Amino acid sequence: MSFNDDKHLDVCQNIEAGLTHCYEINPRLTDTLCAFAIDNAKIAIKHQFGFAKNEQVTRAEDAQAVIDWCVTVGLERIGKINDLTLKEYVSCLDKIKGSVARHSKDGKRSYYEFVKNFLP
């Protein structure tokens with residue numbers, strides 16, 4: 001399945017809109033830090049649903065806005081819009097993290113430079 005065939009593409013776009021904002025308000029946010037934050041956001045959202053109790057969220061100051069945004073989107077959408085499950089939401093986060101990794105090869109904030117062109 002391609003990225004565009006994903007039935008939860010709107011979720012990815014919602015997450016990416018917030019990530020773009022995080023990059024805009026924090027010039028220290030790099031792609032590496034964003035990927036780190038997404039990994040921690042996966043744990044944090046699982047905590048919200050009673051899972052991953054043995055995993056700890058590492059909270060770095062420059063990563064916190066990304067973690068908070070991802071958790072907020074998850075809480076707004078999981079089980080409420082288009083039958084999105086926690087597993088599917090984590091999969092969306094993984095897809096975005098993969099995109100961050102792909103684009104980060106071109107520079108410290110290359111993911112932001114790429115994704116901002118696709119958002120209003």
Side-chain angles (χ1 to χ4, degrees):
M1 171 182 354
S2 78
F3 194 74
N4 290 329
D5 293 331
D6 187 343
K7 78 176 194 174
H8 297 297
L9 182 60
D10 61 315
V11 176
C12 293
Q13 291 170 333
N14 193 190
I15 295 166
E16 288 179 323
L19 296 183
T20 300
H21 178 72
C22 291
Y23 274 95
E24 289 169 352
I25 63 170
N26 185 355
R28 294 182 310 270
L29 182 60
T30 63
D31 293 346
T32 301
L33 189 54
C34 183
F36 168 81
I38 291 170
D39 277 337
N40 280 277
K42 292 188 301 186
I43 297 167
I45 193 64
K46 289 176 186 177
H47 284 177
Q48 294 293 317
F49 290 89
F51 300 103
K53 292 186 184 269
N54 292 332
E55 295 182 65
Q56 186 173 353
V57 176
T58 304
R59 300 190 184 274
E61 182 180 338
D62 288 331
Q64 193 59 51
V66 171
I67 296 168
D68 291 345
W69 176 253
C70 293
V71 169
T72 297
V73 171
L75 291 174
E76 288 175 354
R77 302 192 66 137
I78 295 170
K80 298 174 184 163
I81 300 175
N82 294 336
D83 299 318
L84 180 70
T85 66
L86 175 60
K87 183 176 180 178
E88 290 169 326
Y89 184 71
V90 169
S91 178
C92 290
L93 292 173
D94 284 333
K95 285 179 185 179
I96 292 168
K97 183 183 172 204
S99 182
V100 171
R102 256 188 320 282
H103 292 285
S104 69
K105 294 175 184 172
D106 297 325
K108 289 183 177 184
R109 291 171 57 97
S110 293
Y111 169 74
Y112 167 67
E113 294 299 326
F114 167 75
V115 79
K116 74 178 182 179
N117 296 317
F118 295 96
L119 298 168

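Below, all heavy atoms of this structure are taken into account, side chains as well, without hydrogens, waters or symmetry copies. Just so it is clear, the model here is predicted, and its values are computed rather than measured.
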**Item:** Interatomic spacing from CG in Asn14 to CG in Leu9 - rounded to 0.5 Å
**Value:** 11.0 Å

**Item:** ILVMFWY cluster, Leu84 and Phe49 together (side-chain gap under 4.5 Å)
**Value:** yes

**Asked** Heavy atoms, side chains only, cut-off 4.5 Å: are Val11 and Asn82 in contact?
**Response** no

**Item:** Expected output: side-chain Arg109 to main-chain Leu29 donor-acceptor under 3.5 Å
**Value:** yes

**Request:** Indicate yes or no: at least one non-hydrogen side-chain atom of Ile43 is less than 4.5 angstrom from one of Gln56.
**Result:** no

**Asked** Does Asn40 use its side chain to pair, donor to acceptor, with the backbone of Thr58 at less than 3.5 Å?
**Response** yes

**Asked** Side-chain donor-acceptor pair under 3.5 Å between Glu16 and Tyr111, yes or no?
**Response** yes

**Request:** Please determine if Asp94 and Lys97 form a salt bridge, counting it only when a charged side-chain N lies under 4.0 Å from a carboxylate O.
**Result:** no

**Side-chain touch Glu24/Tyr112, heavy atoms, less than 4.5 angstrom** = yes

**Asked** Going by heavy atoms in the side chains, are Asp39 and Lys42 under 4.5 Å from each other?
**Response** yes

**Prompt:** Shortest non-hydrogen contact from Glu55 to His47?
**Reply:** O-NE2, 2.8 Å

**Item:** Rounded distance [0.5 Å steps], OG1 in Thr20 versus NZ in Lys116
**Value:** 9.5 Å

**Request:** Check the pair Glu113, His103 against side chain to side chain contact (heavy atoms under 4.5 Å, CB included), reporting the backbone distance first and the verdict last.
**Result:** CA-CA 9 Å; Glu113 294 299 326; His103 292 285; over 6 Å; no

**Item:** Gap between atom SG of Cys22 and atom CD of Gln64 - 0.5 Å precision
**Value:** 10.0 Å

**Message:** Donor-acceptor pair, distance only, cut-off 3.5 Å: does the side chain of Asp31 make one with the backbone of Ser110?
**Reply:** yes

**Item:** Least distance between heavy atoms, Ala44 atom then Val71 atom
**Value:** CB-CG2, 3.6 Å

**Item:** Check: Asp10 and Arg77 side chains under 4.5 Å, non-hydrogen atoms
**Value:** yes

**Asked** Taking Ser104 for the side chain and Ala101 for the main chain, is one N or O donor matched with an acceptor at less than 3.5 Å?
**Response** yes

**Message:** Walk me through whether Ser99 and Val115 qualify under side chain to side chain contact (heavy atoms under 4.5 Å, CB included).
**Reply:** CA-CA 9 Å; Ser99 182; Val115 79; over 6 Å; no

**Joint hydrophobic cluster, Val100 plus Ile25, side-chain heavy atoms closer than 4.5 Å** = no

**Message:** Is the shortest side-chain heavy-atom distance between Tyr89 and Leu75 below 4.5 Å?
**Reply:** no

**Request:** Quick one: closest heavy-atom pair of Leu19 and Cys70, and the distance?
**Result:** CD2-SG, 4.4 Å

**Request:** Looking only at non-hydrogen atoms, find the nearest pair between Cys92 and Ile15 and report the distance.
**Result:** CB-CD1, 4.3 Å

**Prompt:** With a 4.5 Å limit on heavy-atom distance, are the side chains of Trp69 and Val66 in contact?
**Reply:** no

**Item:** Spacing of CG belonging to Asp83 relative to CD1 belonging to Ile78, to within rounding of 0.5 Å
**Value:** 13.0 Å

**Message:** Using modelled atom types and a 3.5 Å cut-off, is there a donor and acceptor pairing between side-chain atoms of Lys46 and backbone atoms of Leu86?
**Reply:** no

**Message:** Side chains of His8 and Cys12, heavy atoms from C-beta outward: is any pair under 4.5 Å?
**Reply:** no

